[in-house]
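A short worksheet on the structure shown next.
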Amino acid sequence: MNAEQMWDKFVLKNQIEGTEYQSWAFGAVPDELAELVLRGIKTGTASAYPIYEAENEALPKVGDYSVILDSKDDAVCIIKTTKISIVPFREVSEEHAGKEGEGDGSLEYWRNVHVEFFSKEMSETGKIFDEDMPVVCEEFELVYRP
């Protein structure tokens with residue numbers, strides 16, 4: 001099922017009108033991270049603020065809906081953003097790291113994985129990662145699964 005088909009089913013089932021959505025896959029391991037959302041383990045994500053600027057993309061906001069895609073661009077589920085905070089990388093909290101649900105859920109694990117991920121992502125846009133870089137910390141709830 002593609003994103004539009006899933007969105008149409010969600011809208012029909014929940015009688016939502018006039019609401020837009022984004023469709024995207026999680027970073028480095030989209031299938032694994034989407035599975036964590038389906039299992040109720042992953043309720044947060046983080047992205048590099050400078051990438052939004054570089055791509056002239058709007059920041060996520062509370063109330064946004066997103067159709068989560070897998071590595072083949074098939075729709076997996078729909079989430080709704082419940083909280084956004086922007087903090088320097090070095091100030092991302094243990095609590096947020098736990099909400100991301102990756103690895104052992106520790107801040108140390110989160111930092112190790114995200115230093116590598118953000119460094120690669122930033123270099124692709126000609127920017128350099130540093131620990132003062134703003135990070136968009138997003139929390140969400142799973143609102144639809146097929």
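- Only one option out of E102, E138, E141 pairs with K42 in a salt bridge (charged side-chain N to carboxylate O under 4.0 Å, His left out); it is E102.
- Every residue two or more places apart in sequence or in another chain was checked for a salt bridge (charged side-chain N to carboxylate O under 4.0 Å, His left out) with E55, and none qualifies.
- Every residue was checked against the ring-ring contact (aromatic ring centres under 6.0 Å, His included) condition with F140, not counting sequence neighbours, and none meets it.
- For the pair L38 and R145, the tightest heavy-atom approach, listed with the atom from each and the gap, is O-NH1, 2.7 Å.
- Note that NZ of K9 and CE of M1 are 3.5 Å apart. Values are rounded to the nearest 0.5 Å.
- If you look at W110 and F117, their ring centroids are not closer than 6.0 Å.
- Contact annotation: the side chain of V136 approaches that of I84 to within less than 4.5 Å [non-hydrogen atoms, C-beta and beyond].
- Considering only heavy atoms from C-beta on, F89 comes within 4.5 Å of R111 through its side chain.
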- Step by step, would you call K120 with E116 a salt bridge (charged side-chain N to carboxylate O under 4.0 Å, His left out)? CA-CA 6 Å; K120 180 178 183 245; E116 182 179 336; over 6 Å; no
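- Side-chain atoms of I79 and V37, non-hydrogen and from C-beta on, do get closer than 4.5 Å to each other.
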- Task: Before giving the answer on side-chain contact (heavy atoms from CB on, under 4.5 Å), spell out for I128 and M122 the whole-Å C-alpha distance, their side-chain angles and the decisive distance to 0.1 Å.
- Result: CA-CA 6 Å; I128 297 172; M122 294 288 284; over 6 Å; no
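- In terms of heavy atoms, A48 sits closest to M133 at CB-CE, 3.8 Å.
- Taking both residues in full, the closest heavy atoms of A25 and D70 are given as CB-O, 4.2 Å, listed atom of the first, atom of the second, then distance.
- Inter-residue side-chain proximity for T43 and E139 is flagged as unmet; no heavy-atom pair is nearer than 4.5 Å.
- Between A3 and S23, the shortest heavy-atom contact is CB-CB, 3.7 Å.
- I68 approaches A34 most closely through the heavy-atom pair CG2-CB, 4.0 Å.
- Taking the side chain as every heavy atom from C-beta outward, Q22 and D64 never approach each other to under 4.5 Å.
- Under the 4.5 Å side-chain heavy-atom criterion for Ile, Leu, Val, Met, Phe, Trp and Tyr, V76 and Y144 are members of distinct hydrophobic clusters.
- Within 6.0 Å of atom CD in E53, more than 12 heavy atoms from other residues, nucleotides or ligands are found, so the atom counts as buried in its surroundings.
- A salt bridge links E95 with K99; the closest basic N to acidic carboxylate O contact falls under 4.0 Å.
- Both V67 and V143 are part of a single hydrophobic cluster, where members link through side-chain heavy atoms under 4.5 Å apart.
- Note that CD1 of I16 is 4.0 Å distant from OH of Y65, once rounded to the nearest 0.5 Å.
- Under a cut-off of 6.0 angstrom, the local environment of CD in E94 is crowded, with over 12 non-hydrogen atoms contributed by other residues, nucleotides or ligands.
- Using a 4.5 Å heavy-atom threshold, the side chains of I86 and L59 count as touching.
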- Message: Is there a side-chain contact (heavy atoms from CB on, under 4.5 Å) between F26 and L36? Walk through the geometry before answering.
- Response: CA-CA 11 Å; F26 288 106; L36 290 175; over 6 Å; no
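- Both I51 and V87 sit in one connected hydrophobic cluster of ILVMFWY residues. Membership requires side-chain heavy atoms under 4.5 Å apart, directly or through other members.
- Two residues are said to be in side-chain contact when any heavy atoms from C-beta on lie closer than 4.5 Å; P88 and E131 fail this criterion.
- Nearest heavy-atom pair across N2 and E4 is OD1-N, 3.0 Å.
- H114 contributes no side-chain N or O that, together with a main-chain N or O of S119, makes up a donor-acceptor pair within less than 3.5 Å.
- Both V29 and I41 are members of a single hydrophobic cluster when ILVMFWY side chains are connected at heavy-atom separations under 4.5 Å.
- The aromatic rings of Y49 and Y52 sit tilted, their planes meeting at an angle between 30° and 60°.
- Rounding to the nearest 0.5 Å places CD of E100 at 8.5 Å from CG of L33.
- The OG atom of S123 lies 13.0 Å from the CZ atom of F118; values are rounded to the nearest 0.5 Å.
- Residues Y21 and F10 place their aromatic rings such that the two centres sit no closer than 6.0 Å.
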